[in-house]
Amino acid sequence: VHGPSRRLAPLAVALGTTIVGWGVSTVLFKNHYEVRTVGKISADFCQMGSGTFDCNAVESSTHAMFLRVPLALWGLGAWSAFYALLLLQWTRVEFRGFTAWAAGVALPLAVAAVAAAAYSTAIAAWVIHAFCAYCLAAHSCSLILLATLVRYVRQSRPCKDIPDRAPWTWLQPKLTSGSDSELF
């Protein structure tokens, strides 16, 4: 039987991962701003390697933006949303019945984040031919978040208010006595 601390351990790791991811995305946004204004990232860490790791090449490419918004800013928004959802789940604060679904909402968002990370890594490898160490750190955080959310959701008990049935059957009327023929 899982005790409360063991059940909350993956959620604590997920919360910590969101904080790290938010920090990495903040650095990425600073780097993006530097590339667009100064023309070069000031951090020496971004200049390591023999062309394999080149944050300037990645941040200055057209692929560093989505819908005219820097990917780092999308990341900051996503990490903030993850943090809010996981904090709701951790505190079990009731917000119009949303608490029971906080981790359930975060899970598909984490899948989307990992898919976006895989796509941008593929672009870096096959189109830009350079990687950004900070980008890879953010992608790793996405993967860790997904793994911990999967573990948390798998070991959590279903919400008491929601029957253990398919979602579309929640709206069907419950029969209190008799058979189905009473509905007709």
Side-chain angles (χ1 to χ4, degrees), residues 1-32 43 45-46 48 53 55 58-59 63-64 66-67 69-125 131-168 170:
V1 178
H2 297 287
S5 61
R6 188 165 176 183
R7 276 197 321 265
L8 292 177
L11 196 56
V13 171
L15 276 166
T17 303
T18 61
I19 293 168
V20 172
W22 198 89
V24 170
S25 291
T26 302
V27 171
L28 282 168
F29 185 67
K30 178 205 72 87
N31 290 349
H32 182 85
F45 180 74
C46 293
M48 66 181 195
F53 287 95
C55 296
V58 174
E59 287 289 349
H63 301 286
F66 179 69
L67 298 176
V69 176
L71 290 179
L73 198 55
W74 286 100
L76 283 170
W79 290 116
S80 299
F82 283 128
Y83 186 78
L85 287 168
L86 295 172
L87 198 59
L88 275 175
Q89 186 70 35
W90 180 273
T91 59
R92 302 237 181 233
V93 172
E94 186 67 29
F95 182 71
R96 297 184 182 176
F98 188 66
T99 301
W101 291 99
V105 170
L107 186 60
L109 291 177
V111 170
V114 168
Y119 176 75
S120 66
T121 302
I123 291 293
F131 294 98
C132 170
Y134 287 111
C135 296
L136 294 177
H139 300 335
S140 298
C141 287
S142 298
L143 195 58
I144 292 167
L145 178 66
L146 177 62
T148 56
L149 280 174
V150 166
R151 180 169 177 170
Y152 176 77
V153 169
R154 287 189 69 206
Q155 75 184 19
S156 295
R157 294 182 180 147
C159 180
K160 294 176 185 176
D161 300 333
I162 300 172
D164 192 18
R165 298 185 285 171
W168 55 86
W170 299 341

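These numbers were taken from a predicted model, which means no experiment stands behind them.
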Non-hydrogen atoms of I123 and H63 that approach each other most closely: CG2-CG, 3.5 Å

Aromatic plane relationship, H32 with F29 - under 30° parallel, 30 to 60° tilted, over 60° perpendicular: parallel

Check: W74 side chain, F66 main-chain N or O, donor-acceptor pair, under 3.5 Å: yes

Heavy-atom side-chain contact between F131 and T121 under 4.5 Å: yes

Pairwise distance CG(L86) to CZ(F82) - rounded to 0.5 angstrom: 8.0 Å

Distance-minimising heavy-atom pair for W22 and S80: NE1-OG, 3.1 Å

Value rounded to 0.5 Å, distance of CG in L11 from OH in Y152: 5.0 Å

Atom pair NZ/OG1 of K30 and T26 - distance to nearest 0.5 Å: 11.5 Å

Can you give each donor-acceptor pair under 3.5 Å made by side-chain atoms of residues 138-149, sequence neighbours left out, with the distance rounded to 0.1 Å?
| from | atom 1 | to | atom 2 | distance (Å) |
| --- | --- | --- | --- | --- |
| H139 | ND1 | C135 | O | 3.3 |
| H139 | NE2 | S120 | OG | 3.0 |
| S140 | OG | L136 | O | 2.9 |
| S142 | OG | A138 | O | 3.3 |
| T148 | OG1 | I144 | O | 3.1 |
| T148 | OG1 | L145 | O | 3.0 |

Closest approach of L15 to T18 (non-hydrogen atoms, all atoms of both residues): O-OG1, 2.6 Å

